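Whatever order the structure lists ligands and atoms in, that order sets their numbers, starting from 1. Owing to the predicted nature of the structure, the values given are computational and were not obtained by experimental measurement.
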Amino acid sequence: MTILKILYWLGLVAEIVIRAPYQKTARTGPKTDQRVSRTENFVLGLLYVALIFIPLIYSVTNWLAFADYSLPVWMGWCGALVLALSLFVFARSHQDLKSNWSPTLEIRQDHSLVTDGIYRHIRHPMYASMGLGAIAQILLLQNWLAGPLNLLFFALFYFLRVPAEEKMMLDTFGGQYREYMKTTGAVIPHLPR
Ligand code: SAH
């Protein structure tokens, strides 16, 4: 259905617009730690191929039609709902993280540990929103190449990035981050006791 493809692209544009102001600040100011890994950059590259390049070919040509699948209409609309939730979490996490956001792992000289807003409940809302977006993609782009590949690459990214990021946060904020880890889940909030 064309409308689902249009929603997919609108979602991507919304993400770019939400992120744009933070992208600017992330580049400025001195950094005290930078942990860039080649493997992670490679996986990030794969993620962009699955997020933009293949969906673009799928949307403007019929070359990938051999790999189409068809889901019931209601599942397509579920995809739209999951996409909306993903965008909400994406926007909230950028608002809460502010200038502490960066595309790769780094610590700013003026870095502060954020433990409120959406970060009060989960440590990785931005990655949660990427995961939700990847699930939405499976429901919106009903094609084996344009749909599910992103979730696969996202899983690879997540399991590489999160341990490295938490190690960096522990090295930087020590006990403060350790305490923070006790009260939060990675992407699913702890149940209240
Ligand atoms: N994992 C987080 C943040 C992603 S952006 C999320 O999913 O929302 C990655 C950068 O955020 C890292 O380089 C790290 O410096 C910073 N960061 C991660 N958690 C943070 C926190 N609680 N407070 C401040 N900065 C944080």
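Placement of Met169 and Ile122 in two distinct hydrophobic clusters is found when ILVMFWY residues are connected by side-chain heavy-atom separations under 4.5 Å, directly or transitively. In terms of hydrophobic clustering, with Ile, Leu, Val, Met, Phe, Trp and Tyr side chains grouped at heavy-atom distances under 4.5 Å, Tyr8 and Val13 are assigned to different clusters.
Ring pair His94/Trp101 is tilted by interplanar angle, where 30° to 60° counts as tilted.
The closest side-chain donor-acceptor pair between Tyr58 and Gln142, if any, does not fall under 3.5 angstrom.
Protein residues having at least one heavy atom under 4.0 Å from any atom of ligand 1 are Leu97, Asn100, Trp101, Ser102, Thr104, Leu105, Glu106, Ile107, His111, Ser112, Leu113, Val114, Tyr119, Arg123, His124, Pro125, Met126, Tyr127, Glu165, Met168, Met169, listed by chain and number.
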Under 3.5 Å, which donor-acceptor pairs link side chains of residues 41-52 to any protein atom two or more places apart or in another chain?
none

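Although no hydrogens or angles enter the test, the distance criterion places a donor-acceptor pair under 3.5 Å between the side chain of Asn100 and the main chain of Leu97.
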